[in-house]
Amino acid sequence: MSRIAQVIVDVPSRGTDRPFDYIIPESMQGWLEIGSRVGVPFGPRTLQGFVVGLSMESDTPAVKLKPIKELLDLTPPLSEDLVELSEWMSARYACHRITALQVMLPAALKGKAERYIRVTDRSEWAERGSNLQRDPDELVLFESADELTDMEAQIVAHIQKQQEVRMEHLTRKFASHADVIKQLLQRGVLSESRSIRDKVQKKTIRTVSLHLPEDEIRTIIEEFPAKARRQKEVLTFIADTGGEIPLKDIMTVLGVTAGTVKSLADKGYIVIRDMEVFRDPYKNHSFAPSQPFVLTDEQQMVYNAIVQRLDTRTEGEFLVHGITGSGKTEVYLQSIQRVIEQDRQAIMLVPEIALTPQMVERFKSRFGDHVAVMHSRLSSGERYDEWRKIREGQALVAIGARSAIFAPFANLGLIIMDEEHETSYKQEESPKYHARDVAVHRAHQHGAVVILGSATPSLESYHAARSQSSDEFNPALLEIHGRALGSELPEVHIVDMREELKEGNRSMFSRPLHQAIEDRLEKKQQIVLLLNRRGHSTFVMCRTCGYVAECPNCDISLTFHQRSNNLRCHYCGHAQPAPEICPECGSEHIRYFGTGTQRVEEELAKLFPGIRVVRMDVDTTTQKGSHEKLLNQFRDKQADLLLGTQMVAKGLDFPDVTLVGVIAADSALHLPDFRAAEKTFQLLTQVAGRAGRHHLPGEVIVQTYNPDHYSVVHASRHDYASFVREELKHRQVLSYPPYCRLALITFSHEKLPLLVRIAENYVQMVKDHSHKLGWLGSLERFSAEALDVLGPVASPIPRLKNRYRFQCMIKWRGDMDVARLAEHISEQLQDSVRDKDLQISIDVDPQVLM
DNA sequence: AGCACGCCGACT
DNA sequence: GTCGGCGTGCTC
């Protein structure tokens, strides 16, 4: 038996980011495991912590060791593999261990210490009951107990009844007598302790069941006194139904009160108890069971490749590149089915916005109650219950967004990541993990298979599949070229908005789009309009020739800064004055860009009187369930046109949509991000996939000022391979992922001069350190190992919440531990500056460079 | 993160 | 001469 437990305590700071040793009390022997959640004394406080190791001896001097105070769960909330995973995460993403552990659990398990009050020496007092004032002889224990006033006695009695009462509850109940409670504590009549209390309680319902054998009950029913007609009915009902029946049901079905039922319990015929139940967010939905579809030949080949690995229990990764509407989901469903038959479990990750009721229904109707759904719109209680269903083995499939990758399955066989290119798989707050990388690591732990699926795979994944590297992540590429229903991909027309302007059309709708909308309205077919609002930020473009100002060093569009009236690059810091006329064609129509959905809606109403528009954007979908409501409205044909931002591009499937319009394809193209072209290509491809998915042929109209840009051209031809070829060339020349890795270091402080000095210091320190290690070098030389630092520059958001922000970027190739280097330097700098106002954040493999 | 221990200004 | 400012150091 181990004597010592290593515990990570719930304090996310540098000084406490290591295990602390505790003595395991006798009573916890055999119960305490790696992954257990415990309450421990830490300095003067009581904190929640997680056991990450067990041992016989400790290096800490015995006098310093304290015992663990309490064990918080019967079964450990974390398994050993998740504890190991947290160690890997803290190293890879430079985060505190506790932060990594915490992200794996539902918020409900983030307990905080609370004060609990009880009457001192409970056993003595319990016997005395309410006589405590009348029997002063026995109260020698407390010198002044015989002087208890009425108020004091009342408080003591209240506490005694419940044995232990939370301080918070007490101060609320006896709000005006806080001083009395304080005094009782001082005199020792009451004592306090601290204990960890969870945020969410398990939910229970009152149930009723027979307390005697059924034949006995039948006899009792026979002989029931006639005037107790109601009770007789109730008892008969319970005997007939059998098992545990919710009290509520009895009351509604028979129209009786709780009192009637209770008197039966008092007679000892039945028992009433609180039964633990799971909150079911989908309890009001019914799901018609569905059967597997017959797979197309292509689907079958993909499925066979996956099943081959599953059946031989070999780990492996697959990248399934299937065009929109190719029926990837059906392949996922059948693969999951296989894994379940093997007594293993599966995780299905989808982007948050794609986790629609449609999607959930598909899984629930195939796998019934074995599905646990985890998404952000659940209450913390609901999320906790879904999590427990997984932990306790009731659920076999977890479907959810990013954090579902931590679903606590014991025997994981398959992890699927749909729309794997989505940036929402990267968490923006600490721990800044990427679910794809975590998935690969977890799969290695379990010998499980990983499937990444997308119509537009990320360049990182695609490149990893293409190059035969010996990396940890080396997926096999599987392709699906045809659509499941045999429909054709829609025809895409590119409209050159420069031409429109030349011909005098200043409206946001080109003539072809205008005409097409009119046509569909007439035919009573539906339209989806996409306004890409990511480009709301200000890039400078010439309306006449499409010229966009770009940085000479970085090949990235410049951002317009109104304050200083100049253009800047967020990568290297380059700045130049804002042009008055277009440097390419001399036109005066040069301006910065941005259009809102609201304006488009107004414009639509003006141009097409009577048009029924459903607008979907952050403004209209913040309310719970509004997303679903708007989509249903559109599905039920209560609207002709669905107008929205990115969210209309994903996964929606409406049979009568025959026209998809993209108002401004360019708006994401000129964001200061090296992934701008990739994002544009992905968005156009995805949104084009919304049209003509069923019998009616679809058409897509893309308006753009850059009709020749390769992301637009290749998207219009549905040509992923050509796009990738071209984009990879750019990435290679400029040394961006997948040809190197990135870490973004962001500094923030209230005082600008200090901040600049720190940022410059940091960059210098990175250079010095990596030079010493022999890492520093130019990445452009195609060396296998090299590291380079860019910046520091002001962040794209230079001031946030009264704090200035600077950033620098580390680029490297090779498998050196840059996260550790970055963290090490952070700590050195923090130590030398000694300013706790200084924040340094490290983002390894950033997806958004802000 | 808290909380305590520890060295320098405005007050009974 | 004391109460208290928050600098820095520790928490098994």
Side-chain angles (χ1 to χ4, degrees), chain A residues 1-29 31-72 76 78 83 86-87 89-90 93-103 105 107 109-116 167-168 185 192-199 429-432 748-751 754 758 801 803 823 826-842:
Chain A
M1 257 321 123
S2 336
R3 283 182 53 248
I4 305 293
Q6 279 85 51
V7 175
I8 300 283
V9 294
D10 186 12
V11 181
S13 79
R14 182 150 70 84
T16 52
D17 190 26
R18 63 185 173 88
F20 286 84
D21 285 357
Y22 285 88
I23 297 165
I24 304 171
E26 199 63 40
S27 62
M28 293 178 201
Q29 290 284 346
W31 291 97
L32 203 84
E33 295 172 50
I34 289 179
S36 286
R37 194 168 58 114
V38 290
V40 290
F42 195 68
R45 304 174 288 169
T46 297
L47 295 175
Q48 177 172 293
F50 296 95
V51 176
V52 297
L54 297 169
S55 59
M56 283 310 299
E57 296 302 325
S58 171
D59 292 336
T60 309
V63 281
K64 286 177 112 183
L65 290 176
K66 292 180 189 173
I68 291 174
K69 232 169 132 183
E70 51 185 339
L71 178 62
L72 297 174
L78 293 166
V83 171
S86 74
E87 200 175 355
M89 281 173 72
S90 70
Y93 300 108
C95 68
H96 297 129
R97 190 82 187 274
I98 189 67
T99 318
L101 288 164
Q102 216 85 253
V103 80
L105 298 172
L109 290 181
K110 195 177 160 53
K112 270 231 161 81
E114 291 220 43
R115 300 170 71 185
Y116 284 84
M167 185 60 160
E168 196 201 335
L185 275 165
E192 94 177 293
S193 61
R194 278 159 200 270
S195 178
I196 305 290
R197 181 170 179 266
D198 288 345
K199 284 215 174 109
E429 316 87 58
S430 185
K432 302 184 174 184
S748 73
H749 197 280
E750 279 189 4
K751 299 199 179 77
L754 181 72
I758 287 164
K801 290 178 191 158
R803 300 173 63 88
E823 199 174 21
S826 279
E827 287 170 1
Q828 270 196 350
L829 206 56
Q830 300 251 16
D831 281 347
S832 70
V833 177
R834 273 175 215 276
D835 187 333
K836 50 185 190 301
D837 197 41
L838 169 67
Q839 279 176 24
I840 303 178
S841 124
I842 300 169

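Within every chain, numbering begins at 1; the chains are lettered A, B, ... in the order of the sequence lines, protein sequences first and strands thereafter. Keep in mind the model is a prediction, meaning the values are calculated, not measured.
- The two atoms that bring A:Pro431 and A:Cys95 nearest to each other are CB-SG, 3.7 Å, heavy atoms only.
- Pairing each heavy atom of A:Leu54 with each of A:Ser2, the nearest pair is CB-OG, 3.7 Å.
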Would you list the atom pairs, donor with acceptor, under 3.5 Å between side chains in residues 19-26 of chain A and any protein atom, with sequence neighbours excluded?
residue, atom, partner, partner atom, Å
A:Asp21, OD1, A:Gln6, NE2, 3.3
A:Asp21, OD2, A:Ser58, OG, 2.5
A:Tyr22, OH, A:Pro41, O, 2.7

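- Taking all atoms of both residues into account, the shortest heavy-atom contact from A:Gly43 to A:Lys66 is O-NZ, 3.4 Å.
- In terms of heavy atoms, A:Ile68 sits closest to A:Gly39 at CG2-O, 3.7 Å.
- Rounded to whole Å, the distance from CG on A:Asp831 to C1' on C:dT8 is 12 Å.
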Inset, instruction - Could you go through the salt bridge (Lys or Arg N to Asp or Glu O under 4.0 Å) check for A:Asp831 and A:Arg14 one step at a time? - result: CA-CA 11 Å; A:Asp831 281 347; A:Arg14 182 150 70 84; 2.5 Å; yes
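- No side-chain heavy atom of A:Tyr93 sits under 4.5 Å from any side-chain heavy atom of A:Thr99.
- For DNA chain B, the outermost nucleotides in 5' to 3' order that have an atom under 4.0 Å from a heavy atom of chain A are B:dA1 to B:dC3.
- Taking every heavy atom of residues 6-23 of chain A and every atom of DNA chain C, pairs under 4.0 Å involve A:Gly15, A:Thr16, A:Arg18, A:Phe20, A:Asp21, A:Tyr22, by number.
- Not counting sequence neighbours, the partners of A:Arg115 by the salt bridge (charged side-chain N to carboxylate O under 4.0 Å, His left out) test are A:Glu192.
- The nearest pair of heavy atoms linking A:Arg97 to A:Ser86 is NE-OG, 2.9 Å.
- Smallest separation of non-hydrogen atoms from A:Met56 and A:Arg3: O-NH1, 3.0 Å.
- Listed by residue number, the members of residues 57-66 of chain A with any heavy atom below 4.0 angstrom from DNA chain C are A:Thr60, A:Lys64, A:Leu65, A:Lys66.
- Looking at A:Lys432 and A:Ser841, their side chains do bring a donor and an acceptor atom within 3.5 Å of each other.
- A:Val11 has its side chain within reach of A:Arg45: a pair of non-hydrogen atoms, C-beta onward, lies under 4.5 Å apart.
- Heavy-atom distances under 4.0 Å link DNA chain C to A:Pro41, A:Phe42, A:Gly43 of residues 38-48 of chain A, given in residue order.
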